[in-house]
Amino acid sequence: MKKIIIEGRKKISGTIKISGAKNSIVALIPATVLTNGKCVIKNVPDITDVKTLLEIMKDLGSVITFENDTLTIDNKNLQNKLIDEKHASKLRASYYFMGSLIGKYHKVSIAYPGGCVIGSRPIDIHIDAFKKMGIDIIENGSIFDMSVDELNGIQIYLNFPSVGATINIMLASVLAKGTTVIENAAKEPEISNIASFLNSMGARVFGAGTSRIVIEGVESLGDGFVETIPDRIETGTYVIIGALLGNNLRVENVIPTHIEALLYKLKEAGVKYSLDGNSIVVSATENLKPINVKTSVYPGFPTDLGQPISTFLTQCNGECLFEETIYENRLRHVPHLNAMGANVKAFDNRAIITGKTPLHGRKVKATDLRAGASMLVAGLIADGVTEIQNIEHLLRGYERIVDKLSQVGVNIKLIDE
Ligand code: EPZ
């Protein structure tokens, strides 16, 4: 089991460079299945979710090199075979092999996806869309056997603007006959990143980033090239840390508009930051004002920053209201925060956070990826030493976290025991 040991309350300054977005790269890699051409993907984060997906790709016969954050992937000898539970259950994003393999081969056998225990994580919106495309789906235990003779474009309205379902429908549609229209599509920046990758291969995807995406099916695809966008959740996590401990902390390689909702909320709390090219410079602010945070779909406040911001709210002077609206079980970090001295009263997906409460270092657990981030922020501001166990969760979505924080003055180490 891996754990992180942090000595808290160190002022941090210097530069943290943001890596490529986890929630883009986990779709970009499966998307390469759609072409026989060669794909080059730049700014790839070296995180465990990438390692897991590359294992699946190599198992299918993909030829891959990964050097200096650049992936080259050659799938001309790919075999379409079962993606078993051992691999598929390691991450939610394994379901993108449904859209890409069915889009390319009209057939796929894959086990049910994994993912953080932040809710039931159904895939009914994906399945409903695939069925509307005429795909036969047979569930054999945890395996989905999917097949279709001819894949035709569809007009579909998503009951919820699901990120995963929007991307999966795009992947299944780019080689379909005719046109697919997705109404009420998700608008997260990662969707546009995937669309530009598909279009670089010769696909015809229009309107990504808006709630209406049109995909005109094409016969085949060629070589692909894309740069993974900066990870907006990693960016937000480090900006929050800078707002609590920074001394002109520079968070570099960011797209500020991707975290506009967070920046607005931090400004409302009295945080001073400045934009300098593709960097955000942020410093700790005394006397933080209480604010209310409610997560929602993009461009609203991102659910993935809900747990990290809840630690920030413990340092505001007064009562803050927090509400998570996307997942049904994303407050599992609250007992660990309270054990460190916070005053958080949680009711279902809402919490009343009363600050300012000094936090004290102790042994805590990361219950899921972003809960781990919340614990990390807490350990950095707590007095004394904090030990965060089950840190594997955190390493799924934050590249080189120990290096990046050590370089700006944090006393942090990773122990593998
Ligand atoms: C993506 O998950 C991200 N994961 C999540 O990040 C992120 O929180 C989420 O989008 C929202 O932004 C990846 O991209 C790998 P959804 P996804 O489909 O695609 C329900 C992180 O920490 N739903 O928009 O699963 C679902 O249960 C992770 O990096 C259905 O009910 O998100 C959830 O309540 C966590 N049926 C809500 O919609 C479905 O078929 C949002 O899901 C699909 C989703």
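Remember, it's 1-based here, ligands and their atoms both numbered in the order they're listed. When a residue number appears, it is its place in the shown sequence, counting from 1. In what follows, every heavy atom counts, from backbone to side chain, and hydrogens, waters and symmetry copies are set aside.
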Legend entry - Nearest neighbour in protein (non-hydrogen) for atom 40 (O) of ligand 1: Ile125 N, 2.8 Å
Legend entry - Shortest protein heavy-atom distance from atom 36 (N) of ligand 1, along with the residue and atom involved: Asp124 OD1, 2.7 Å
Legend entry - Under 3.5 Å donor-acceptor, Asp145 side chain and Val108 backbone: no
Legend entry - Minimum-distance protein heavy atom relative to atom 15 (C) of ligand 1: Asn23 OD1, 3.5 Å
Legend entry - Nearest-option assignment for atom 33 (C) of ligand 1, heavy atoms, candidates Phe160, Tyr327, Tyr298: Tyr327
Inset, instruction - Could you say whether the N/O atoms of Gly164 and ligand 1 ever approach to under 3.5 Å? - result: yes
Legend entry - Nearest-neighbour protein heavy atom for atom 18 (O) of ligand 1, which is reported as residue plus atom name and distance: Ser162 OG, 2.7 Å
Legend entry - Modelled atom types, side-chain donor and acceptor of Thr237 and Tyr398, under 3.5 Å: yes
Legend entry - Contact with ligand 1 for Ala165, non-hydrogen, under 4.0 angstrom: no
Inset, instruction - Identify, for atom 39 (C) of ligand 1, the protein heavy atom at the shortest distance, and state residue, atom and that distance. - result: Pro122 O, 3.2 Å
Inset, instruction - Assess whether side-chain contact (heavy atoms from CB on, under 4.5 Å) is satisfied between Ile309 and Phe301, documenting all intermediate values. - result: CA-CA 10 Å; Ile309 198 75; Phe301 193 96; 3.8 Å; yes
Legend entry - Given Asp69, Asn43, Ile41, Val44, the one that forms side chain to side chain contact (heavy atoms under 4.5 Å, CB included) with Glu227: Asn43
Legend entry - Minimum-distance pair of heavy atoms, taken over all atoms of Asn253 and Ser279: N-OG, 4.5 Å
Inset, instruction - Please determine which of Thr32, Asp74, Asn75 meets the side chain to side chain donor-acceptor pair (under 3.5 Å) test together with Ser62. - result: Asn75
Inset, instruction - Check Lys22 against ligand 1 and report side chain, backbone, both or neither, counting heavy atoms closer than 4.0 Å. - result: side chain
Inset, instruction - Counting heavy atoms only, name the option from Arg370, Glu328, Arg92 that's nearest to atom 25 (O) of ligand 1. - result: Arg92
Inset, instruction - Mark up the atoms of ligand 1 that fall under 4.0 Å of a heavy atom belonging to Tyr95, in ascending order. - result: 17 (P), 19 (O), 25 (O)
Inset, instruction - Consider every N or O of Thr303 and every N or O of ligand 1, then say whether any pair is closer than 3.5 Å. - result: no
Inset, instruction - Inspect the surroundings of CG in Asn140 and state if more than 12 heavy atoms from other residues, nucleotides or ligands are less than 6.0 Å away. - result: yes
Legend entry - Nearest neighbour of atom 21 (C) of ligand 1 from the list Val163, Ile326, Asp304, Thr325, on a heavy-atom basis: Asp304
Inset, instruction - Indicate yes or no: at least one non-hydrogen side-chain atom of Thr386 is less than 4.5 angstrom from one of Met340. - result: yes
Inset, instruction - Using a strict cut-off of 4.0 Å, indicate which atoms of ligand 1 neighbour a heavy atom of Arg330. - result: 8 (O), 22 (O), 35 (C)
Legend entry - salt_bridge(Glu234, Lys404) N-O dist < 4.0 Å: yes
